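Following: one structure in structure tokens, then a few remarks.
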Amino acid sequence: RRWENRADKDRFYMENLLVVEDDGDLRTQMKWSLAGDYRVIEAGDRNAALEAFTKERPKVVTLDLGLPPDGNGVTEGFRALSEILETDPLSKVIVITGQGDRSNAIAAVGNGACDFLTKPVDPEELRITLKRAFEVAELEKEYHLLQDQLKWQSFEGMLGASPSMSEVYEKIRKVAAAEVPVLLFGESGTGKELAARAIHGLSLRKEGAFIPINCGAIPETLLESELFGHEKGAFTGAHVQRQGRFETAHRGTLFLDEIGELSPALQVKLLRFLQDQRIERVGGRNLIQVDVRIVAATNKDLAKSIEKGEFREDLYYRLGVVTISIPSLKEREGDILLLARTFLRKFSSERGGKAMSFTPAAEKAMEEYHWPGNIREMENRVRRAVIMADDNRITPKNLELAGLSITGKGGGPSLRQAREQVERDLIVRSIERNRGNLTRVARELEISRPALYDLMKKLHLEKD
């Protein structure tokens, strides 16, 4: 983001403070008195106050109880207090009353206000009260964040409190105890392996091994031996008999990631296992009985793969007795900052430095960004930001999101920004699909490798 001057930049990073006061002169006086410390938002009545509060979500509000049309009473003021706290129970409201109105001020505290001051307000007393209110608001915010984290941390290492993730947890609980294959769908980086580990950890097989294998990361010529094992002399270099992943997962769970990458021949062998729970090593003649539960995952649309003849329909139905869709990060309402702060605490503590926090601008940028790489991308960005930050405050620049949050004059992305974002998404997704093989990425995008390198450099992807 470009700034006209330093004052504009400082103002952008200030905490929001809502001043609700019907006296225009007093409101202006308070604004100028506090403008150096806070971004002051003004409101002269209850409706304007609620509108400003809903839009700006300030942590702290100063509230005059005598608001129009009941300027001489407190009805409107108490209604405003109630509506603000109903919108955000964690907000801190400092009630300001006239002399001799102490009983109403105490009643307001009893109804949820955090403190009160009497007119005429002493500027120094106001600053101290506001500072304390903001500190308490931040501490409570961190406490509730920690409580949310602890609430879900016991769920086999999975983190998130959004409605979409709550549904995933519920499905995992139900399917974990059943001895049936499970098929997980989700974009790259959404945490499909964590979900698979959760299914294993909550199952009757939890004392057995959890064996993961990425079917897209191993060459086809080696994958069969990795999965099913081989006999001595089965091929050049097979000097000894070797068990495969199926046998090492006996009485446990075998997690087949990127199942959509299996060759037709291996799909047949997997289907045969799912039918009779027996395997045959490469170069062997004996059928071996194994007790293994299969959890598979893919980021592909298997329905399209079936239409193209790339994936067997009968195998799909054998694997997908139960299917669970893991939502992308942008679909997990409320989880973005929860995950980001968790990663921030983790990486800052690993460095042994002071506790770090995100600036309001950084939090806004993260909430607006669409996270094509999902949780994996967030983890990498936060780790990099902790290393690159000059102090204990993480900015959009540290997260490399500053350039991605520039908008056009109309409030939406500029044409250049939109074009670059589309290019970035296409390249990132192709790199994920092709396991970092840039030759295949260039071929898939129908451009030359030098052109791909130039694009990655322009979009700052070479660091990723």
Side-chain angles (χ1 to χ4, degrees), residues 7-141 359-361 363-364:
D8 286 343
K9 182 178 179 180
D10 290 343
R11 179 176 172 77
F12 184 79
Y13 289 108
M14 289 177 180
E15 293 276 18
N16 287 342
L17 168 66
L18 175 59
V19 173
V20 185
E21 170 61 58
D22 68 327
D23 187 326
D25 292 337
L26 181 55
R27 199 166 61 237
T28 301
Q29 181 184 342
M30 290 179 66
K31 178 178 179 178
W32 284 111
S33 174
L34 300 169
D37 300 315
Y38 306 103
R39 179 172 172 263
V40 180
I41 304 147
E42 300 177 68
D45 56 51
R46 179 176 59 84
N47 290 333
L50 190 61
E51 182 181 348
F53 183 84
T54 303
K55 180 181 178 182
E56 303 291 347
R57 287 304 175 99
K59 293 178 184 175
V60 179
V61 178
T62 66
L63 174 64
D64 178 17
L65 288 179
L67 296 175
D70 185 25
N72 295 321
V74 293
T75 305
E76 285 291 289
F78 273 97
R79 285 183 64 187
L81 174 63
S82 175
E83 289 171 347
I84 288 171
L85 294 178
E86 185 177 339
T87 304
D88 182 2
L90 295 182
S91 61
K92 301 300 162 198
V93 181
I94 301 168
V95 169
I96 297 179
T97 65
Q99 291 285 358
D101 203 14
R102 186 180 179 86
S103 60
N104 283 323
I106 293 173
V109 171
N111 286 333
C114 74
D115 208 338
F116 69 89
L117 297 171
T118 56
K119 297 178 182 179
V121 177
D122 178 77
E124 188 59 29
E125 185 181 5
L126 176 60
R127 285 194 179 88
I128 293 172
T129 304
L130 287 172
K131 184 173 183 293
R132 184 169 62 241
F134 274 104
E135 288 173 350
V136 171
E138 186 63 29
L139 286 173
E140 286 189 1
K141 180 180 178 182
T359 64
E363 293 188 349
K364 185 173 185 289

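All of these numbers come straight from a predicted model, not from anything done at the bench.
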Side chains of R102 and I106, heavy atoms from C-beta outward: is any pair under 4.5 Å? yes
So CD of E76 and CG of D22: to nearest 0.5 Å the spacing works out to 11.0 Å
Are any of the side-chain heavy atoms of F116 and I96 separated by less than 4.5 Å? no
Correct closest heavy-atom pair for L67 and G44 would be CD2-O, 4.2 Å
When you check the gap from the basic side-chain N to the acidic O, do K92 and D115 get nearer than 4.0 Å? no
Once side chain to side chain contact (heavy atoms under 4.5 Å, CB included) is applied, do any residues pair with D45, and if so which ones, sequence neighbours excluded? N47, A48, P68
Spatial distance of atom CD (E86) from atom CG (L50) [nearest 0.5 Å]: 9.0 Å
Looking at side-chain heavy atoms only, is the closest gap between S91 and I84 below 4.5 Å? yes
V60 side chain near L130 side chain, heavy-atom distance below 4.5 Å: yes
Residues F78 and N104: closest non-hydrogen pair is CZ-O, 3.5 Å
What I'd like to find out is whether the side chain of L17 reaches to under 4.5 Å of the side chain of F134, using heavy atoms alone. yes
Measure the shortest side-chain to side-chain distance between V95 and T97 over non-hydrogen atoms and say whether it is less than 4.5 angstrom. yes
Per the salt bridge (Lys or Arg N to Asp or Glu O under 4.0 Å) rule, which among K31, K131, R127 passes with D37? R127
Closest non-hydrogen atom pair between D25 and D23, with its separation: N-OD1, 3.0 Å
Who are the side-chain hydrogen bond (donor to acceptor under 3.5 Å, both in side chains) partners of E83, not counting sequence neighbours? R46
Nearest-0.5 Å distance, CZ of residue R39 to CD of residue E56: 4.5 Å
Check this for me: does any side-chain nitrogen of one of E140 and K59 sit under 4.0 Å from a carboxylate oxygen of the other? no
Which atom pair, heavy atoms only, marks the closest approach of L85 to A113? CD1-N, 4.4 Å
If you round to the nearest 0.5 Å, how far is CG of L18 from CG of L63? 8.5 Å
Who pairs with E125 by side chain to side chain contact (heavy atoms under 4.5 Å, CB included), at least two apart in sequence or on another chain? L117, D122, T129
Any side-chain heavy atom of M30 sitting closer than 4.5 Å to one from V40? no
Between N16 and I41, is the side chain to side chain contact (heavy atoms under 4.5 Å, CB included) condition met? List the steps. CA-CA 7 Å; N16 287 342; I41 304 147; 3.8 Å; yes
Quick check: do I94 and V61 have side-chain heavy atoms less than 4.5 Å from each other? no
E138, CD: over 12 other non-hydrogen atoms inside 6.0 angstrom: yes
Flag, side chain of D64 to backbone of V20, donor-acceptor distance under 3.5 Å: no
When you check the gap from the basic side-chain N to the acidic O, do E135 and R132 get nearer than 4.0 Å? no
